[in-house]
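Everything quoted here is computed from the prediction, not taken from an experiment. Atoms within a ligand are numbered from 1 in the order they appear, just like the ligands themselves.
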Amino acid sequence: MLQGKKIILGITGSIAAYKSALIVRGLIKKGAEVQVVITPAGKEFITPITLSALTSKPVISDFFSNRDGTWNSHVDLGLWADAVLIAPATASTIGKMANGIADNMLITTYLSAKAPVFVAPAMDLDMFAHPSTQRNIEILRSYGNHIIEPGEGELASHLIGKGRMEEPEAIIAVLEDFFTTSALLQKKKIVITAGPTYEKLDPVRFIGNYSSGKMGFALAKVCAAHGADVTLIAGPVSLPTPAGSIRRIDVESADQMYDATMECFRQADVAILCAAVADYRPATQQTTKIKREQQGAMQLDLVPNKDIAAALGALKTADQLLVGFALETADGLQHAQGKMERKNLDLIVLNSLEDAGAGFQCDTNKITILSRQGEQTVYPLKSKEQVAVDIIEKIESILC
Ligand code: CTP
């Protein structure tokens, strides 16, 4: 899977920099093309001559070449790469990446790169455990960067703990796994619905629900990170669009979501219906504000909305995959199974409000995925981003 892949290897000032020579050799053996970008501190730990000999390319460190003054374009480099691997990544580099402190060639390249980024931290145990480092690592994760966790063991300081850069073979295996799985979604067109819908009563009021859109947005982010072209059809949510190839269509009502989804589904390979679509809307929408004194007790006439999932299930071709969600408060498995069959879905993701930490608004979720073939996979409580990874891996297992 690494054959022909263009990889930027960022090397920073850590004693583990000596292992980068083994990373370069391993990547090249597997057919990758490697361009080393080294920080000034990195050069104190490993010589550029070793690295340029191994990569058959000049090592880049400065904004300008000292020899002839040519500009090393971090923009071109960033666009050239299929992946950026920063190994070893010091606490300082991780902090600069998290905060956009672009004072060396590696950070400017990182900020320009469109490719997936892998970061293998290496530092002393107390530096790694410090809340500042941990917060910066979390920030990188929130950008969609992949953190290759350091191992535990004896460190350069002779202290024992967590902070030792992962071994070169294991780092290379992470990249290989990534390219193997992401190839399945590369350029696939994926439509995702997310968030609630609002059904207007009058110009100032609506019927809605507590959905935050977090799960659908996390799915969009993971799909884009795996190389898919995502169309994210979002109900009213206050979330920024995640980075990557994501076209966002904002809608308000179930009717608008239905129209947008039907339009996009024709070209889609996969649709993931994560939105909490309102099942009913007011039979009439008042054009002026409903006044209390003219109403007394009030009755609302509601009419059913169209079921987007069921409509797509009826249209679906053999090449298209349809994934639904079921948020249940009781008898979850039975209801989810029924919905999957009624709506002609291939997979359904069940989350239950009976489980603490699952469902609307929270940053975590606990899911069970049911497949049309009768498979049932139960997952522990995880962050919504990790849950998104599990769902995408399940989709990939069906596509391969
Ligand atoms: N769904 C949809 N359009 C609707 C209602 C639901 O696309 N009008 C989708 C949801 O996005 C979800 C799945 O159908 O993927 C199940 O949604 P849910 O609200 O749990 O199912 P309902 O069929 O509405 O059943 P109920 O509300 O009675 O549980």
| task | Run down the list K339, H335, R342, M340 and name the one with the heavy atom closest to atom 29 (O) of ligand 1. | result |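 Ranked by closest heavy atom to atom 29 (O) of ligand 1, first place is K339.
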| task | May I ask which of A194, C274, A311, A309 has a heavy atom nearer to atom 9 (C) of ligand 1 than the others do? | result |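 That would be A309.
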| Parallel, tilted or perpendicular: which fits the ring planes of F206 and Y198, with parallel below 30° and perpendicular above 60°? |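 Answer is parallel, since the angle falls under 30°.
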| said: Check the orientation of H226 and F178. Use parallel for under 30°, tilted for 30 to 60°, and perpendicular for over 60°. | reply: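 Ring orientation of H226 relative to F178: perpendicular.
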| task | Evaluate whether atom NZ of K382 has more than 12 neighbouring non-hydrogen atoms of other residues, nucleotides or ligands under 6.0 angstrom away. | result |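 More than 12 heavy atoms, drawn from other residues, nucleotides or ligands, come within 6.0 Å of this atom.
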Donor-acceptor pair, [X] side chain versus [Y] backbone, under 3.5 Å?
{"X": "D202", "Y": "I290", "answer": "yes"}
{"X": "D82", "Y": "K6", "answer": "yes"}
{"X": "S61", "Y": "I38", "answer": "yes"}
{"X": "Q134", "Y": "F128", "answer": "yes"}
{"X": "T12", "Y": "P88", "answer": "yes"}
{"X": "T364", "Y": "L381", "answer": "no"}

With respect to [X], determine whether any N or O atom, backbone or side chain, lies less than 3.5 Å from an N or O atom of ligand 1.
{"X": "A275", "value": "yes"}
{"X": "I308", "value": "yes"}
{"X": "T193", "value": "no"}

In the protein, which heavy atom is nearest to [atom], and how far is it?
{"atom": "atom 13 (C) of ligand 1", "result": "F325 O, 3.1 Å"}
{"atom": "atom 4 (C) of ligand 1", "result": "V277 CB, 3.5 Å"}
{"atom": "atom 24 (O) of ligand 1", "result": "D279 OD1, 2.9 Å"}
{"atom": "atom 8 (N) of ligand 1", "result": "K306 O, 2.9 Å"}

| For ligand 1, which atoms have a heavy atom of G324 less than 4.0 angstrom away? |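 Listed by number with element, the hits are 15 (O).
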Looking at ligand 1, would [X] count as a contact under a 4.0 Å heavy-atom criterion?
{"X": "A254", "result": "no"}
{"X": "K343", "result": "yes"}
{"X": "N305", "result": "no"}

| request: With heavy atoms under 4.0 Å as the rule, classify the contact between L273 and ligand 1 as side chain, backbone, both or neither. | output: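 Both of them.
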